[in-house]
Amino acid sequence: MQWALQSNLPFALSTDAVTFAALALDSPDVTGGLVEAIVEGKIELVGGTYASINGLLAGGEANLRNRWLGASTFMRLACSPAITHWLRHYDVWPQGPQLLRSCGIEGVVLVTGRTRTNPVTPLMDDAVFSWVGADGTKITTIARSKTAGVLPMQVQEALERAVQTADGGSSAIVATWVPTMLDERAAGARETVAQAIHDATRAHDLARDCATLPRTILQLSAKCIEADPSALPDTEFTADSTWHGQLLGINGDRILRACTRLERSLLDIEALASLQPFLGKRDDTGSYPHWELGEAWRGLLTAQHQEVREREHNFAGIAIADVTRAQSLVDEVRRRLEAKLTRRVPGDKNGSVVLNSLGWERQVPLDGGRTATVPAMGWLALPDESVESLENAQNARLRLAPEDDELVVAAAGLRVKIHRKRGVITQVFSEDFPQGMLAPKQELLAFELRNDDGVERFEDFVEVRSDIYGIKIDRHGKRGKLDLRLEIRENPSRIVVHAAARDLPRPGCRPEVDDDYGDRSSGTYTRDAFGMRLVAKLGAAPQRIVDTPYHVDAIDPRKAHTLRYTGTSGKVEEKILAPFTAASFVDLVEPQTGRGLLYMHDGGQGFVAEREGARAILSMWDVGGAWIDTFESTFALMPHGPLTHEQRARLASEHRSPLQALRGRHGDGQLPDRFGALKVEGEHAVLTALFREDERVAELLTGDTTYRDDDDTDHGGPWVARLVEIDGVRTAVRIAFPCPVDRVTKGSPLGEVEFELDRDRSARNAYLLELGPREVATIRFRYSR
């Protein structure tokens, strides 16, 4: 810091709130000097997130909470939020520009660190370009070029090249990442780097002669990027642009899956807590659980920290502890709210209450083929339906018909053939696939793991058992065992699979010999993975539709990615062909008809494209690290006809957030038997979150005191609803509230108000909003007293 101040050059500090808070506790004197320099404008804060997470591998809501938690924390600690984001890792995804701009970020520096899990940043012809998001939002971006993203020892050469670039009329930006090496053993290297940069800058006297190189600095901020984004070359990063290697599979994906489940639990419990104002008078357990949910979100973001993911073998305990504590807080809040709800709704101990934590109405199956409708983000009391009867009605009753070596299961509009001796699905018939959706050699539940002994498919010994509600399959290999349970669900018809593996043999590195895309490369090795093939009879080129945070689109992954790192026996190269990432589902679609197979998962985001479909990477081995020999997951396979992206997103959310049935009590009957906290009407839009801000973010970051309420004893801010347009079309939306509300506004996630929504004169307590294509909108409101 002292060297940066003495050099009189524009420097920036890239950090997150977790690190900055730790520095404040450990070295308050250093932090005080740093804050003073930031306030005086001598050093600019960049980054500004709560934790340095990889946005592609986190949910959309986690991305936004990470931003405003970071901004509010830095306002308290350093009196300044960040307006520039320096991506230390390859943190790009289709909706990135929109989310960053909505959180006050004006510029991005895409100069990543060189780590074994980081994709290589593309080498751009010009250092400055416009990163274009899925909704058309542009953000000025600095990326690796011959002058930007250079090593500290190359600054002298980059400066000389920048002079020529500036003389030619192009952007002359020298950007280098200067790591903070605090280890005393690295003191020599630190001094060498500092001296190299110091000598280079003195030779060009940048601090004095800014007119010569107006765009050349060591580290830059958005204030230094004055070019009009519309005049810059455009660059898009699609869903299949990036492959994060072993980040998607270290430790059996257990941390990635745990974080995914925790985020869904948080969103569900926030939806339940949004019912709090309607459950009666406040008491000691009646206020909104700001503290518990705030701590749980911070625990989730810390567990997703890039430094933890980067060194997961060493730091896995940190993430596991954070997730465990956060989940325990969520479970405690859930217990309190569920107890209060069942105490107030009409019913008795022989009945039940069904909760729906998603933003649309859903059907709950009842005995006898009947269904009932549960309101969006609300409850439905069923005094005559027990929890046991609802659970039994959840799975369709199976009709079993043994046929030679196969077992035919018929239920819920599906007929499924299971090979008795191998424990795989050989055919699926449905209304959309009356002739069957699998070709003769195609199979579902085709698990395999490649190791030094060959390919392990867990078919040495197979036992298939059945009852009227499901199929149990035990598959043994030479080493290891797979336990599967298949259930067929209705509304919509789908196969739900609970998979658990034990004693998985560790994969080995082997020569690459099978290459579906004809990009064979001799001499390389691949560290293979425990995976499962997804296939369907959809023609030679099925379309693959996947989701990333707040975005759904078709992809065409045909790239090959090679990762190089050092293992236990020297350097190892891993070549992965046609990989891609999917946040919650992969849909294999026949382009001509729109029918296909939808695979919905619970957190394993790594996939590899194959000619007939895709392969889900369920667990990977990080060479040189520990091999986790257990695996557990629940996924769903759904044959379908034409679907919209909105329907796919809703189905995937329903898979992760099933309806919850609570045992009834002798309630006091003061609440209605059915109620919903919010209703969104309109095609293509999805309500993804409903919560109450646990702090006055708008007042803290923008000075907006609109929602301040001095009589509010629990110090809550406004209620926030997040709406997302999924299908890429402009759409009109009506938001209906169950009671009168005050000042319904649309604004940024940080609290900046854009405009107030118009009231719908034709409906009571309803407001109108128009969403642009793929827009993520933040709506704030307060209930009238």
Side-chain angles (χ1 to χ4, degrees), residues 13-26 45-74 77 81-82 85-93 96 99-100 103 105 112-119 177 179-180 182 242 244-263 265-266 293-327 329-330 549 581 583 603 605 622 625:
L13 173 68
S14 178
T15 187
D16 54 44
V18 172
T19 305
F20 200 86
L23 178 65
L25 290 174
D26 185 64
L45 178 71
V46 302
T49 57
Y50 181 78
S52 298
I53 67 174
N54 192 313
L56 180 68
L57 305 183
E61 193 61 34
N63 276 281
L64 291 178
R65 301 295 178 97
N66 194 34
R67 281 275 154 210
W68 69 257
L69 266 175
S72 58
T73 303
F74 275 108
L77 295 179
H85 186 33
W86 189 309
L87 300 177
R88 297 172 57 185
H89 43 279
Y90 199 62
D91 186 18
V92 296
W93 73 101
L99 267 63
L100 291 171
C103 293
I105 299 299
T112 61
R114 289 167 170 79
T115 66
R116 62 191 176 91
T117 60
N118 222 353
W177 179 266
T180 53
L182 302 179
T242 310
H244 288 277
Q246 59 265 49
L247 276 181
L248 294 172
I250 303 176
N251 284 333
D253 251 357
R254 56 177 176 166
I255 293 180
L256 184 59
R257 290 176 184 274
C259 289
T260 298
R261 294 165 182 165
L262 174 58
E263 182 174 355
S265 295
L266 274 165
L293 296 183
E295 282 292 295
W297 275 108
R298 284 185 280 271
L300 169 63
L301 298 175
T302 305
Q304 292 175 327
H305 201 292
Q306 180 69 10
E307 293 301 319
V308 176
R309 298 289 293 144
E310 185 78 26
R311 300 169 177 83
E312 190 170 320
H313 287 311
N314 296 326
F315 295 165
I318 297 175
I320 293 172
D322 285 330
V323 170
T324 301
R325 178 174 181 268
Q327 190 64 60
L329 290 171
V330 170
T581 302
Q605 301 185 21
D622 181 17

*Asks:* Quick check: do L256 and L57 have side-chain heavy atoms less than 4.5 Å from each other?
*Replies:*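 Yes, side chains in contact.
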*Asks:* Heavy atoms only: give me the nearest L56-P549 pair and the separation to one decimal.
*Replies:*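 Closest pair (atom of L56, atom of P549, distance): O-CD, 3.9 Å.
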*Asks:* Rounded to the nearest 0.5 Å, how far does OG1 of T49 lie from CG of L100?
*Replies:*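 Result: 10.5 Å between the selected atoms.
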*Asks:* Would you name the heavy atoms of G299 and D322 that are closest together and state the gap between them?
*Replies:*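 Closest pair (atom of G299, atom of D322, distance): O-CB, 3.4 Å.
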*Asks:* Taking the side chain as C-beta and beyond, is there a heavy-atom pair between Q327 and R261 under 4.5 Å?
*Replies:*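 In short, these two side chains do not touch, never coming nearer than 4.5 Å.
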*Asks:* Would you please say whether a donor-acceptor pair under 3.5 Å links the side chains of D16 and H305?
*Replies:*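 Side chains of D16 and H305: pair found under 3.5 Å.
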*Asks:* When rounded to the nearest 0.5 angstrom, what is the spacing between CG in N63 and CD in Q304?
*Replies:*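 Rounded to the nearest 0.5 Å, the CG-CD separation comes out at 8.0 Å.
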*Asks:* Side chains of R67 and L99, heavy atoms from C-beta outward: is any pair under 4.5 Å?
*Replies:*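 No; the side chains remain at least 4.5 Å from each other.
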*Asks:* Could you grab the distance from atom CZ of R257 to atom CD of Q605, nearest 0.5 Å is fine?
*Replies:*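 Rounded to the nearest 0.5 Å, the CZ-CD separation comes to 9.5 Å.
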*Asks:* Looking only at heavy atoms, which two atoms of V323 and A303 are closest? And how far apart?
*Replies:*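 Scanning both residues, the minimum pair turns out to be CG2-CB, 3.7 Å.
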*Asks:* Quick one: closest heavy-atom pair of I53 and L301, and the distance?
*Replies:*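 For I53 and L301, the tightest heavy-atom pair comes out as CG2-O, 3.6 Å.
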*Asks:* Which atoms form the tightest heavy-atom contact between G70 and A17, and what is the distance?
*Replies:*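 It is CA-CB, 4.4 Å.
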*Asks:* Using a 3.5 Å distance criterion without hydrogens, assess whether the side chain of E263 forms a donor-acceptor pair with backbone atoms of A62.
*Replies:*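 Pair found, side chain donor or acceptor close to backbone of A62.
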*Asks:* Just by modelled atom types, is the D91 backbone N or O under 3.5 Å from a matching donor or acceptor in the N54 side chain?
*Replies:*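 Between the backbone of D91 and the side chain of N54 there is no qualifying donor-acceptor contact (under 3.5 Å).
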*Asks:* Could you measure the distance from the CZ atom of F74 to the OH atom of Y50? Nearest 0.5 Å is fine.
*Replies:*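 The distance works out to 10.5 Å.
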*Asks:* Heavy atoms only: give me the nearest A51-V18 pair and the separation to one decimal.
*Replies:*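 What the structure gives for the nearest pair is CB-CG2, 4.3 Å.
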*Asks:* Drop me the distance from T73's OG1 to F20's CZ, to the nearest 0.5 angstrom.
*Replies:*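 One gets 11.0 Å once the value is rounded to the nearest 0.5 Å.
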*Asks:* With rounding to the nearest 0.5 Å, note down the distance linking CG in L300 to CZ in R325.
*Replies:*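 Here the interatomic distance stands at 13.0 Å.
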